[in-house]
Number of protein chains: 2
Amino acid sequence: MKEIEKRLNDNGVRPTAMRILIYKYMAEKEVAVALTDIENAFAKADRTTLYRTLKTFEEKGIVHQIDDGTHISKYALCEPGCNCELEQDLHLHFHCNNCEETVCLTEQKIPHINLPDGYIAEDANLIVKGICEKCSG
Amino acid sequence: MKEIEKRLNDNGVRPTAMRILIYKYMAEKEVAVALTDIENAFAKADRTTLYRTLKTFEEKGIVHQIDDGTHISKYALCEPGCNCELEQDLHLHFHCNNCEETVCLTEQKIPHINLPDGYIAEDANLIVKGICEKCSG
DNA sequence: ATTTTTGATGCAACGGAAGTGCATTTATTA
DNA sequence: TAATAAATGCACTTCCGTTGCATCAAAAAT
């Protein structure tokens with residue numbers, strides 16, 4: 001509990017009750033979550049608050065946004081020391097076509113790609129779709 | 001003109017006037033287009049028709065859908081002989097952070113990725129963001 | 001300790017994009 | 001030409017993301 005408060009403080013985010021709850025929720029889920037998921041989990045809270053919490057977390061490097069091809073933004077906690085902006089830190093995301101869940105595969109980095117002349121890469125996003133470990137087993 | 005009709009026929013799509021126009025439009029654009037783009041280009045036509053045309057084209061393998069991280073579906077014509085479903089045919093897409101345009105880099109294939117045990121890949125989507133050839137030159 | 005200021009939360013509403021049901025028109029083929 | 005199937009158009013719905021403004025709680029300054 002205190003670690004969460006510390007993590008938020010360290011990243012310049014005031015550790016309010018709601019924020020701690022959301023952080024905790026995401027830490028327990030282990031899969032990327034959409035705003036809707038959080039909404040369902042905290043039905044009493046206002047959508048805007050949850051929305052802005054995610055945005056704040058994202059800005060402050062606590063979570064990173066994931067675009068898994070569903071056209072719904074997902075978010076996952078950054079690993080300690082994760083620098084989502086840096087190219088060498090870009091890991092891939094896996095979206096299960098069966099359970100529809102998306103996970104970070106933090107060990108699998110996006111390989112370097114040679115682009116044609118004139119193209120300058122700043123960011124990359126690789127999402128692999130298929131059957132996840134839980135569903136294939 | 002006749003080639004377009006043939007292409008549509010070969011893929012089991014009746015070559016109506018509207019469909020030929022849309023195909024032509026996409027062929028000329030050279031960048032991936034959103035439904036909105038087509039809407040603006042053919043203001044007289046109904047959105048639903050355009051929407052369903054894209055869906056039909058996609059089903060019949062005439063275009064492939066691209067998810068460039070903007071949360072807006074883009075579409076691009078398949079190269080002749082493109083098999084979007086097949087893993088070895090997956091090329092990457094480049095999204096320019098400056099002009100906001102998305103292009104197919106059909107020569108750059110998505111490299112094979114080793115996934116952790118239990119994960120089965122069926123599809124992949126790599127989108128690289130940065131500055132495109134036109135904007136960097 | 002009280003005021004001032006800043007930041008967090010809640011409410012209401014908007015906008016864009018995707019999608020659907022049904023009626024109507026156009027094209028195919030019987 | 002009549003019957004059938006496919007394409008188009010209209011109206012509407014839903015879902016998600018987003019913003020403006022009021023209110024409430026917390027931190028800083030006096």
Side-chain angles (χ1 to χ4, degrees), chain A residues 4-25 32-60 62-76 95 100-102, chain B residues 4-25 32-60 62-76 95 100-102:
Chain A
I4 297 181
E5 283 189 43
K6 186 176 184 307
R7 176 107 175 85
L8 295 185
N9 268 322
D10 290 354
N11 286 64
V13 173
R14 293 227 301 245
T16 67
M18 197 69 243
R19 287 170 174 173
I20 293 172
L21 283 174
I22 293 176
Y23 190 102
K24 220 176 142 195
Y25 171 75
V33 299
L35 175 58
T36 312
D37 297 325
I38 301 184
E39 230 180 300
N40 293 336
F42 302 98
K44 296 160 207 159
D46 186 79
R47 234 166 46 109
T48 315
T49 304
L50 306 175
Y51 170 75
R52 286 202 251 246
T53 299
L54 281 176
K55 285 289 167 198
T56 304
F57 279 8
E58 190 189 1
E59 270 171 35
K60 299 303 172 67
I62 293 169
V63 304
H64 57 275
Q65 200 191 35
I66 301 165
D67 185 14
D68 63 6
T70 60
H71 285 183
I72 299 168
S73 287
K74 305 275 168 66
Y75 299 85
H95 179 76
E100 299 288 323
E101 286 189 331
T102 300
Chain B
I4 297 181
E5 284 188 43
K6 186 176 184 308
R7 176 106 176 83
L8 295 185
N9 268 322
D10 290 354
N11 287 64
V13 174
R14 295 228 299 244
T16 67
M18 196 69 245
R19 286 171 176 174
I20 293 172
L21 283 174
I22 294 176
Y23 189 102
K24 219 176 145 196
Y25 172 77
V33 299
L35 175 58
T36 312
D37 298 325
I38 301 184
E39 229 180 299
N40 293 335
F42 303 97
K44 298 161 207 157
D46 187 78
R47 250 203 27 241
T48 314
T49 303
L50 306 175
Y51 171 75
R52 286 202 251 245
T53 298
L54 281 176
K55 285 291 166 194
T56 304
F57 280 8
E58 191 189 0
E59 270 172 34
K60 299 304 173 65
I62 293 168
V63 305
H64 57 275
Q65 199 192 35
I66 301 165
D67 186 16
D68 63 6
T70 60
H71 284 183
I72 299 169
S73 287
K74 304 274 169 65
Y75 299 85
H95 179 76
E100 299 288 325
E101 286 189 332
T102 302

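Numbers restart at 1 for each chain; the letters A, B, ... are given by sequence-line order, proteins then strands.
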Once you round it to whole Å, what is the distance between [atom2] of [N] and [atom1] of [X]?
{"X": "B/Glu39", "N": "C/dG16", "atom1": "CD", "atom2": "P", "result": "11 Å"}
{"X": "B/Lys60", "N": "D/dA6", "atom1": "NZ", "atom2": "C1'", "result": "11 Å"}
{"X": "B/Ile22", "N": "D/dA7", "atom1": "CD1", "atom2": "P", "result": "13 Å"}
{"X": "A/Ile38", "N": "C/dT9", "atom1": "CD1", "atom2": "P", "result": "13 Å"}
{"X": "A/Glu59", "N": "C/dG7", "atom1": "CD", "atom2": "C1'", "result": "13 Å"}
{"X": "B/Lys74", "N": "C/dA18", "atom1": "NZ", "atom2": "C1'", "result": "15 Å"}
{"X": "B/Glu58", "N": "C/dA18", "atom1": "CD", "atom2": "C1'", "result": "13 Å"}
{"X": "B/Ile20", "N": "D/dT8", "atom1": "CD1", "atom2": "C1'", "result": "15 Å"}

Sorted by number, the residues of residues 49-57 of chain B with heavy-atom contact under 4.0 Å to DNA chain C = B/Tyr51, B/Arg52, B/Lys55

Decide side-chain contact (heavy atoms from CB on, under 4.5 Å) for A/Asp46 and A/Tyr51; before the verdict, give the C-alpha distance in whole Å, the side-chain angles of both, and the deciding distance to 0.1 Å.
-> CA-CA 9 Å; A/Asp46 186 79; A/Tyr51 170 75; over 6 Å; no

Return the orientation label for the A/His71 and B/His71 ring planes: parallel under 30°, perpendicular over 60°, tilted otherwise.
-> tilted

Ignoring hydrogens and angles, does a donor from either the side chain of B/Arg47 or the base of D/dT8 sit under 3.5 Å from an acceptor on the other?
-> no

Return yes if the base of D/dC10 and the side-chain atoms of B/Thr48 contain a donor-acceptor N/O pair under 3.5 Å, otherwise no.
-> yes

Could you check if a side-chain atom of A/Lys55 sits within less than 4.5 angstrom of a side-chain atom of A/Tyr75, using non-hydrogen atoms only?
-> yes

To the nearest 10°, let me know how far the axis at one end of the helix from C/dA1-D/dT30 to C/dA27-D/dT4 is tilted from the axis at the other, five pairs an end.
-> 20°

Among the nucleotides C/dG19, C/dT9, D/dA7, whichever has the atom closest to the side chain of B/Arg19 is D/dA7

Nearest to the side chain of A/Asp46, which nucleotide is it out of D/dC16, C/dC11, C/dA18?
-> C/dC11

Out of curiosity, A/Arg7 CZ to A/Ile20 CD1, how far, rounded to the nearest 0.5 Å?
-> 13.5 Å

What one should report as the nearest heavy-atom pair of B/Gln65 and B/Glu58 is CB-OE2, 3.5 Å

Shortest non-hydrogen contact between B/Gly69 and A/Asp67, atoms and distance | CA-OD2, 2.8 Å

At a cut-off of 3.5 Å, list every protein nitrogen or oxygen paired with a nitrogen or oxygen from nucleotides 23-30 of chain C, distance to 0.1 Å.
none

Are any side-chain N or O atoms of A/Lys60 and backbone N or O atoms of A/Asn11, one a donor and one an acceptor, separated by less than 3.5 Å?
-> no

Side-chain N,O (B/Thr36) to OP1/OP2 (C/dA17) below 4.0 Å | yes

